[in-house]
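Letters go in sequence order (proteins before strands), and every chain restarts at 1.
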Amino acid sequence: MAYRPIPDSVAAIEEDVLRAWDEEDTFSLSLAARDDAEDFVFIEGPPTANARPGVHHILARTIKDVIARYRTMAGFRVPRKAGWDTQGLPVELEAEKQLGISGKPEIERLGIQKFNDVCRQNVFKYQDEWEKLSRRIGYWLDYDNPYVTYAADFIESGWWALAEIEKKGLLYRGYRVVPYCPRCGTGLSSHEVAQGYKDVNEPSVFIKFHLIDDADDARILSWTTTPWTLPGNLGLAVSEDIVYVRVRILEASKHEKKPAPQGPGGARPGEVLILAKDRVEAVIKHSYEIIDEMPGSELVGRRYEAPFPAAIDAEGFDAAWTVLAADFVTAEDGTGVVHTAVMYGEDDFRLGTAVGLPMQHTVGEDGRFLESVPGGLAGMHVKDKETERAIREWLVENDVLYFREMYKHSYPHCWRCDSALLYMARDSWYIRTTAVKDRMLAHNASIDWHPPETGTGRMGEWLSNNVDWALSRERYWGTPLPIWVCSNESEHRVVVGSYEELAERAGPLPADFDPHRPGIDALGWACEEDGCGGRMDRVPEVADAWFDSGSVPFAQWHYPFENDDVFERQFPADYIAEGVDQTRGWFYSLLALSTILFDKAPFRAVVVNDQVLDATGRKMSKTRGNAVDPWEAIEAYGADVTRFYFMSGSNPWVPKRWDPAALRETDRKLFATLRHTYRFFALYAGEESWSHTTEASSVRERHDLDRWILARLDAVIDEVGAAYDGFDLTTAARRIQEFAVDDLSNWYVRRSRDRFWATRPDGKPSETQDAFATLHECLVVTARLLAPLAPFLSDWLHRALTDGASVHLADFPTSTDRSEPELVQAMNDVRQLAGLGRAAREEAGVRTRQPLAALHAVVPEGRGLSPRMAALLADELNVKEVVLLRESGNLVGLSAKAQFGTLGPKHGARTPIVAKALNALPSKILERLRAGETVAVEVEGVEIQVEPGDVTIVEETQTDLAMASGGGFVAALDTELTELLRQEGTAREIVNRVQRLRRDAGLEVSDRIRLGVAGSKVVERAVSEHTGYIAGETLADVVLVGEGEAVGLDMTEVEIDEFSVTIGVERIER
RNA sequence: GGGCCCGUAGCUCAGCCUGGUUAGAGCGCCCGCCUGAUAAGCGGGAGGUCGGUGGUUCAAAUCCACCCGGGCCCA
């Protein structure tokens, strides 16, 4: 049969394969083929379909795909449901942008219904693009039946989960300080905050709080990096254990070169300031004297003047504007006195609750100061530059600013809209994840993390500092919280766990019920508590979108309302794979919900990938304009190459630089080699009319090269299988590449070339069938090994080699018992010697085409070189014979290399001296050691027993032959040229020139020719002596030597060394 | 301030867990070779204080401590 010619272009190959997949629906077939098999469960982490996929998504999706394809081939059924994350802030932001509005008031003015309609339409704005890219890179997923987080079924499962959480008493409403985005108008969960830390340089201020009724008229000095919280100040926290001092400002500045204070504010000579003793040096900019020292406890209870007196009505709160004791205060930064704004800090809020401070806001939901705030600040946005200036002016006017300086720190920003977050006390719904912290830690420890340190470190550390999950979002497009609360008594509440339950209470629902706002907001009923008479209304919030993604394991099946059996089978998942940024994102939300609802780890294994950086190692970002378009990459290099590059370059969890040079290299190295190897195979299988239905001899009877490459193949099958099993895709990729390039192409095919044509020049019968059968098997198996990583070329090759069967429907190869350790070792030795022999040739300046008489070789002790191996080596190096120096008895001396591993424990500090002595041992003693004797040797006056294992003995040679050595091997070439050798060399040169002429003339490899050669006597004699050889190599039926003979041939002049030769090649028509 | 990762040749990375003699690949560069796969392939060479300092040890890229630089994540 004829094997298909392989297209030159990668794109053509990949398009061929894509077409085949579409036509036969290979993905479905691959699932159907495993219908009765055990499930290997994968969950697709849902991408948000409201942004274009980037090149890093190829990395993440490749990992997912490789493992799924491998497990399928290994005998599992691996269903892969696509999924889309469709709710939450990102979608709302996109809608706002499209509608040209911004912020909650404008949304409500427009109407929630209209707004949510736009959200819904926008969700799949980029879905096509995601699907297109995913298909093109060969990421197999069931895109026809995806789970969609906004679907009513999906949301109902979420409701069920929340009702369960309520039943367990883990759902509560709390007034807590949360990171709040004033632009989005919602609090963020801790794992969202985790996404948005940025380094900022902001003003921090040292404030003088004027004590009331103080003998020195002293001011307590406090420090804050958030001046906007000062109007909300209600207390000053000190530590009872820290020592505080009163310092009096003297006239001169302490820092002569840099007179302080900088900027406005400052302190007048004679003014008395109070702060922690340890902070004086760092904080006080003037020269000063310490006039008193006291523990913080002495300050507690003192009253001071409010910096913004009217901002808060503290009538009836005795603790307001007093010094308070708190255990969170340290003297490590600031002044050892912490300004406390009850509503704007977690510690502050806790302290305020404890001592009874008023809970009043000075900042509104929109991030602007309320009317009560003096100084013209009302209505100003707290984070604006002008606001900062206005606050500063107020502080200066009221003589409370001591010092202002820029302070660099990292501060959380909204991960979507980039606004600086404000810590604000908000009413919010929580899941009490802290109640299951230990269980989460235990489950996390059971997960097979790749790499492990992400599990133990990043995730583990995070979990041990777990805080309750702030679940609610005061937004519009999301899973509505199914919580109905009584208008009379907030303790009367119902968490609705299904639409059926809702219908029972609120009346029948339409068939196509949509649970989204605002429709759901209108549903209510009379409070069911006896005699209450209140009305049950839904709380206005929606759920954090992470709640949706965390619900995927059950909600994708609409569990528990249907598909119980599927869910049971598919939970927990066997593996997931996402970016490291999901540690506190999806990985966490999965773990939290799974622990609360099922007390199980939601996935058994996870492969974490890091980012893809640009070529210079910087993060890719749209704003920087250094993001690589995934389509460009695929057009330039193909999907296989891109996938393989990501997998083979380094482990997925190492940050990667996008390296076009490495991509090209990947193509040239592995993929081009495979294409060439196939082309070679197909060409000669065609010439020799071989097909894989041809009977070959049993492996035992085959040539050394065949048995060797098959032994290697088996070893590689085991290594690659084990690597895939262990999620070690990088090792799998590298092992395959080494085999395909180094072993198969660069040695097996290279050494076997002439075994692929039946008419061998030497006239001996060849084992062509065996060679074809062996190469065919190697190619088929390599395709299968490679299939998960490079699904395109592997499938193309597999189909071409096996009558059209897709590689993705094949089983993963298993090794058979064909290992031949001695043969593999011997072949390694030969390859070592071949390398050294080439080096020796280069040393001697003798080209390989010139035959030489002999190679004198040394192999490491205990190893030999069979005649067949020697012949192989002789052929490779173009020498007449290979002589083992040991056997020829020539030129061999011995030298020793001390083995530190065994010597060290025996000789301790004397090891280096002993080693030196042993390395100098004479051959006579080494002979005895080699024979297995233990020998007594004197080292610096001390006799030691040297055992055979203490040294490695290497054979050495003293020779004037061209030689190279290394690793216990020596290759020495006899470079003396006899007349015969010269002639033969010339004959080979002629062959080489003729082959070039054949190719230049566009001849087929099997075309027969008439050959004419003319030149000097030396050349003509060489040709005459080797006519048979030349004819055989060049497929010349007729060889005409000499000017007079080669008449009628079109002669070309070529150079061979110093001779000029004319050669004529003419195809013989048959 | 804390957690995790990384720092080895001009570049991209192995090796480190389990210490052992002259630290390996690939790319790039220089030189050479081969070619019945050929806009390929092979070999050789130059190139490294293994981020720094200290420690443990007969012996440290490897183990420990501290520091420096980079990244990610948090406070």
Side-chain angles (χ1 to χ4, degrees), chain A residues 8 190-191 193-195 197 330 332-333 346 409-412 451 453-462 464-465 579-581 583-584 610-611 613 615 617-619 645 648-651 653-657 659 661-662 664-666 668-669 672-673 675-684 687 730 734 737-738 741 745-747 749-750 753-754 756-757 761 834-843 845-849 878 897-916 919 952 964 966 991-992 995-996 998-999 1003-1007 1033-1035:
Chain A
D8 286 321
S190 50
H191 36 288
V193 178
Q195 324 272 324
Y197 274 82
T330 70
E332 274 161 29
D333 53 17
E346 221 176 310
H409 62 144
S410 92
Y411 192 83
E453 56 269 17
T454 301
T456 52
R458 193 173 278 220
M459 188 64 159
E461 294 290 335
W462 155 262
S464 30
N465 296 314
V580 66
D581 52 333
T583 310
R584 273 94 160 163
D610 208 314
Q611 322 185 9
L613 308 169
R618 292 181 315 169
K619 197 170 168 167
Y645 157 76
S648 65
S650 58
N651 278 315
W653 47 86
V654 178
K656 267 169 238 323
R657 292 189 185 195
D659 184 359
R664 279 191 296 276
E665 171 66 12
T666 302
R668 277 216 306 262
K669 193 97 194 164
T673 301
R675 292 193 298 266
H676 282 305
T677 307
Y678 172 81
R679 193 171 292 142
F680 175 89
F681 165 83
L683 176 61
Y684 293 108
E687 290 297 331
T730 304
R734 288 177 177 171
Q737 172 161 325
E738 285 159 11
V741 175
S745 172
N746 287 345
W747 192 253
V749 173
R750 173 186 164 81
R753 272 207 196 102
D754 63 6
F756 288 95
W757 35 97
L836 292 171
R838 274 183 227 116
R841 265 190 183 273
E842 185 172 346
E843 173 95 355
V846 186
R847 67 167 78 93
T848 311
R849 273 197 298 271
N878 196 20
K897 269 176 118 181
Q899 287 302 293
F900 282 74
T902 56
L903 292 174
K906 281 193 270 189
H907 301 292
R910 286 169 48 80
T911 307
I913 314 167
V914 174
K916 207 175 159 195
N919 285 344
T952 320
V991 169
N992 171 263
Q995 302 294 25
R996 283 191 214 169
R998 282 183 62 112
R999 184 168 42 255
L1003 269 61
E1004 298 293 327
V1005 292
S1006 57
D1007 284 339
E1033 289 289 332
T1034 62
L1035 301 188

Provide, to the nearest angstrom, the distance between the [atom1] atom belonging to [X] and the [atom2] atom belonging to [N].
X        : N     : atom1 : atom2 : value
A:Met459 : B:G2  : CE    : P     : 23 Å
A:Gln995 : B:C34 : CD    : P     : 14 Å
A:Asp754 : B:A37 : CG    : P     : 12 Å
A:Arg668 : B:C27 : CZ    : C1'   : 8 Å
A:Arg996 : B:A37 : CZ    : P     : 13 Å
A:Asp610 : B:C5  : CG    : P     : 13 Å
A:Asn651 : B:G15 : CG    : C1'   : 13 Å
A:Tyr645 : B:G26 : OH    : C1'   : 13 Å

> What pairs with A:Arg664 under side chain to side chain donor-acceptor pair (under 3.5 Å), at least two apart in sequence or on another chain?
Replying inline: none
With a 3.5 Å limit on both atom pairs, tell me what [N] is paired to, counting Watson-Crick and G-U wobble, or say none.
N     : result
B:C4  : B:G71
B:G20 : B:C58
B:C11 : B:G26
B:G36 : none
B:A46 : none
B:C66 : B:G52

Between [M] and [N] - [atom1] atom distance, rounded Å:
N     : M     : atom1 : answer
B:C16 : B:G51 : P     : 15 Å
B:G41 : B:G24 : C1'   : 23 Å
B:A9  : B:C67 : P     : 25 Å
B:C11 : B:C73 : P     : 26 Å
B:C6  : B:A14 : C1'   : 15 Å
B:C31 : B:G71 : C1'   : 40 Å
B:G15 : B:G48 : C1'   : 14 Å

> Within the distance-only criterion (no hydrogens, no angle test), does the side chain of A:Gln995 pair as donor or acceptor with the backbone N or O of A:Glu1033 below 3.5 angstrom?
Replying inline: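 Checking the backbone N and O of A:Glu1033 against the side chain of A:Gln995, a donor-acceptor pair under 3.5 Å is found.
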Which part of the nucleic acid, if any, lies within contact of [X], taking any heavy atom under 4.0 Å across all strands shown: a base, the sugar-phosphate backbone alone, or nothing?
X        : result
A:Ser745 : base
A:Tyr684 : base
A:Thr583 : nothing
A:Arg664 : nothing
A:Arg849 : sugar-phosphate

>> Judged by each residue's nearest nucleotide on RNA chain B, which is more toward the 5′ side, A:Arg734 or A:Val580?
In response: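 Comparing both residues, the 5'-ward one is A:Arg734.
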Could you please name the option among [options] that lies closest to any side-chain atom of [X]?
X         : options             : answer
A:Arg847  : B:C33, B:C27, B:C42 : B:C33
A:Lys669  : B:G36, B:C72, B:C27 : B:C27
A:Arg999  : B:A37, B:C72, B:C33 : B:A37
A:Leu1035 : B:G36, B:A40, B:C13 : B:G36

According to a strict under-4.0 Å criterion, is [X] in side-chain N/O contact with OP1 or OP2 of [N]?
X        : N     : result
A:Asn746 : B:G41 : no
A:Arg841 : B:C33 : no
A:Arg679 : B:G36 : no

> Any idea which heavy atoms bring A:Arg849 and A:Arg996 closest together, and the distance?
Replying inline: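 Here A:Arg849 and A:Arg996 meet closest at NH2-NH2, 4.5 Å.
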